[in-house]
Amino acid sequence: MALRDALLSAAQTPHRLRRRALVTPTPAQELNEVRDRSGPRMARRLEWYDLVGIGVGGMLGAGVFVTTGRVARDTAGPAVFASYAVAGVSALLSSFCYAEFAARVPVAGGAFSYLRVTFGEFVGFFGGANILMEYVLSNAAVARSFTDYLASTCGVTEPNAWRIQVAGIAEGYNALDFPAVALILLLTICLCYSTKESSMLNMVLTGFHLLFFGFIVVAGFWNGKARNLVRPHGLAPYGVGGVLDGAAVVYFSYIGYDSASTMAEEIRDPACALPVGIAGSVLLVSALYCLMSLALCTMLPYTEIAESAPFSSAFREKVGWKWASGVVGAGASIGIVASLLVAMLGQARYLCVIARARLVPACLAKVHPSTGTPMNATVFLGFCTASIALFTELQIVFEMISIGTLLAFYLVANALIYHRYVKLGTNRPLYVLIFLLLLTLSSLGFSLSRRIDGRWRWGMALFGAICVAVTVIFHYTTQQDVAGPSSESWTVPLMPWPAAASVFLNVFLMTTLKLRSFQRFGIWSLVITIFYVCYGVHSTYAAEENEIGNAMIHHADMDIS
C-alpha cells in the first residue's frame with residue numbers, strides 16, 4: 001500500500017506543482033495559522049537594544065578576523081577597506097528591504113517568509129534554503145577560525161597545531177578540528193536553554209569585543225605608517241576589479257543582520273525595533289570593518305599580511321608587541337564566539353519556519369514549551385555545522401559562501417518592489433515583472449561588460465544608462481498609482497530606488513565570484529529543487545487536503561448540531 005501511494009503521489013507531481021509552487025499565503029496567515037503549527041509561541045522578551053546587539057554581534061568577528069587577511073593579500077591589497085565599504089553599501093540597501101518586510105511580517109522566517117508571501121512557496125523555499133546553507137557553511141568557517149585565534153592567544157603560531165591530521169582522507173578534509181566542534185556544541189546547548197539569556201550573553205561578549213576593536217584600531221594606527229598603504233605596488237595593486245572582487249568575498253560578513261530579522265517573533269515592539277536594529281547595526285559594523293582593515297594595512301605592507309590570524313601576526317611579528325598579539329587573539333576569539341552565537345540563533349529560526357510551512361519534517365518546527373526556543377531545529381543544525389567544521393578547511397568553505405546570500409538578498413529586493421507596487425498598489429503584475437526583468441538583465445549586462453577586454457567601458461556605460469532609464473520610467477509611471485503603505489509600519493523611503501540599487505549591486509557582486517562558486521551553487525540548487533519536487537510539494541499538498549477535509553467535517557458537524 002505504501003509503494004502504491006508513493007507511485008500515485010509521483011504521478012500527480014505535475015498537478016501538485018501547479019497547485020502549490022506559486023501559492024502565496026497572506027501576512028495574516030503567516031502571523032497566525034502558520035505560526036500556530038509550532039505549538040507554544042516563542043517568548044517575546046527582547047527589546048530594541050537586544051536586536052542592535054544581535055545585529056552587531058552577528059556581524060563583528062567573522063568578516064575582519066576571517067577574511068581580511070586573505071582579501072588584502074591576494075585580492076584587493078591595501079584597498080581592502082574599500083571592499084568592505086562597497087559590501088557595506090550593498091548590505092545597507094538590502095537591510096532596508098529586510099526592515100520593511102520584517103515590520104510588515106514580524107515572523108521568524110526572514111527571507112523565506114518574505115519571498116513566500118510575495119512570489120510563492122517554491123521561490124520562498126529556494127531563497128530560504130540558500131540562506132540556510134550560507135549560515136551552516138559560514139558558521140563552520142567561523143568556528144574553525146576560532147581555533148586559529150585561540151591557539152594564537154596561547155602563543156602557538158602554527159595554524160593546524162591544534163588540529164589532528166588523519167591519513168587516508170582527502171586533502172582539505174583531513175585536519176580534524178575538535179575545538180571548533182566543542183564550541184558549536186556548547187553554543188547549541190546555550191541556545192536551547194533560552195533566547196533572552198543567549199541575548200544577554202551576546203551583549204556581554206559584544207561589549208568586550210567592541211573594546212578590543214577600539215584597542216586594535218588605535219594601536220594599529222599608532223604603530224602604523226601611511227606609506228604602507230601605497231607600497232610596494234600602490235593603494236589598489238589589483239585595480240578596481242580587485243576591490244570589487246574583494247567586496248564579493250567579504251560580503252558574507254554582513255549576514256548577521258539577517259539574523260536580527262529572524263528574531264521578529266521574540267521582540268516586544270517589532271515595528272519600531274526591527275528597522276533600528278537591522279539598518280543601524282549594518283551602519284555601525286561597516287564603519288568598524290573599514291577602520292579595522294585600514295589599521296591592519298597601515299601596520300605592514302599587504303604582501304606581508306598573514307592569511308591566518310592576520311591581526312595577531314601583525315602585532316607579534318611586525319610591531320613587536322607580543323603581549324598585544326595575545327590580547328588580539330583573545331578579543332578575536334570573543335568576537336567569533338558572539339558572531340557564531342547569533343548566527344546559530346538565526347539559522348535555527350529559519351529552519352523552524354520552513355518546517356512550519358511543511359517543506360521539511362514538521363518536528364523541526366516545534367517550540368519547546370518551557371524554554372520558548374525551537375529546540376529541535378537548533379540541535380539538528382548544530383550537528384550539521386559541527387560535522388562540517390570538523391572536516392572541512394576554510395578555503396573550501398569560502399568558495400561556497402556569498403553566492404547564496406547574494407542571491408537571497410537579490411530576491412528580497414525584487415520581492416519588496418513587487419510587494420509594494422502590486423500587492424499594496426493597483427499596478428498590474430506583468431508591468432512590474434517586466435521592470436524587474438529589464439533591471440536584472442541590464443545589471444547583468446553592466447556586470448559582464450566589466451569582464452570583457454577592449455570595449456568594455458562602452459558596455460558598462462550603455463547598460464548602466466539602461467538601468468537608470470528603466471528605473472526612472474518605472475518610478476514616474478507608477479508612483480501615482482501605488483496605494484500608500486500603512487503608517488503603522490516602517491517603509492523604505494524613495495522607492496523604488498533603494499531596492500533597485502540593491503538588485504543592481506547584488507547582481508554585480510555575484511558576477512565577481514569564481515566559476516567554482518557557481519558550479520557548487522548549481523549543484524546545491526539542483527538538490528534544493530529535487531527535494532522540493534520529491535518531498536516539499538507532496539507534503540504541503542497533503543496537508544492542504546487534510547485541512548480542507550477537516551474543515552468540511554467541522555462544517556457538517558455544525559450543520560447537524
Side-chain angles (χ1 to χ4, degrees), residues 61-88 138 141-142 144-149 151-152 156-160 172 175 216-217 219-221 223-254 288-321 324-325 328-329 332 335-336 393-402 509 512-514 516-517:
V64 166
F65 295 121
V66 177
T67 62
T68 304
R70 289 176 171 82
V71 173
R73 185 184 180 99
D74 302 327
T75 308
V80 62
F81 72 92
S83 296
Y84 277 110
V86 172
S138 62
V142 171
R144 286 186 73 94
S145 70
F146 170 80
T147 303
D148 293 339
Y149 272 99
S152 177
V156 179
T157 58
E158 170 58 37
N160 287 322
I216 292 170
V217 170
F221 283 125
N223 291 282
K225 299 179 177 62
R227 65 173 180 268
N228 285 333
L229 293 174
V230 294
R231 67 171 190 175
H233 303 112
L235 180 64
Y238 301 100
V240 176
V243 172
L244 297 174
D245 291 343
V249 175
V250 303
Y251 193 80
F252 99 97
S253 311
Y254 294 91
L288 290 173
Y289 277 165
C290 291
L291 288 173
M292 286 284 288
S293 56
L294 196 59
L296 175 65
C297 292
T298 60
M299 282 195 285
L300 69 169
Y302 77 96
T303 53
E304 299 176 22
I305 294 176
E307 292 188 5
S308 177
F311 290 92
S312 294
S313 176
F315 278 109
R316 182 177 60 250
E317 298 177 8
K318 301 300 176 182
V319 177
W321 289 11
S325 173
V328 172
I336 286 170
E393 294 231 350
L394 282 175
Q395 193 56 44
I396 295 173
V397 175
F398 282 146
E399 290 174 353
M400 282 289 288
I401 293 174
S402 286
L509 291 175
T512 65
L513 296 173
K514 295 179 180 179
R516 183 174 293 182
S517 297

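Quick caveat, the model's predicted, so the values are computed rather than measured. In this chain, numbering begins with 1 at the start of the sequence shown.
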For this session: Taking all heavy atoms of A85 and all of C290, pick out the closest pair and write down the distance.
Result: N-SG, 3.8 Å
Exercise. What distance do D74 atom CG and D245 atom CG have between them, rounded to the nearest 0.5 Å?
Worked result: 12.0 Å
Exercise. What is the distance from atom CZ of R227 to atom OG1 of T298, rounded to the nearest 0.5 Å?
Worked result: 11.5 Å
Exercise. Does any N or O in the side chain of R73 come within less than 3.5 Å of the main-chain N or O of T303, such that one atom is a donor and the other an acceptor?
Worked result: yes
Exercise. Rounded to the nearest 0.5 Å, how far does CG of L244 lie from OG1 of T75?
Worked result: 11.5 Å
Exercise. CG/L229 to CZ/F81 distance, rounded to the nearest 0.5 angstrom?
Worked result: 7.5 Å
Exercise. From N228 CG over to L296 CG, what is the distance, rounded to the nearest 0.5 angstrom?
Worked result: 10.0 Å
Seminar exercise, completed: For I305 and C297 the tightest heavy-atom approach is CD1-SG, 4.2 Å
Exercise. Does any N or O in the side chain of S83 come within less than 3.5 Å of the main-chain N or O of V243, such that one atom is a donor and the other an acceptor?
Worked result: yes
Problem set entry | Side chain proximity check, P78 to P237, heavy atoms < 4.5 angstrom | yes
Exercise. Would you call the rings of Y289 and Y84 parallel, tilted or perpendicular if under 30° counts as parallel and over 60° as perpendicular?
Worked result: tilted
Exercise. Given the rule in the side chain to side chain contact (heavy atoms under 4.5 Å, CB included) test, do M292 and V217 qualify, once you have shown the distances and angles that lead to the verdict?
Worked result: CA-CA 6 Å; M292 286 284 288; V217 170; 3.8 Å; yes
Problem set entry | Closest heavy-atom pair and its distance - V71, V250 | CG2-CG1, 3.8 Å
For this session: Give the minimum heavy-atom separation between Y238 and G77, together with the two atoms involved.
Result: CD1-N, 3.7 Å
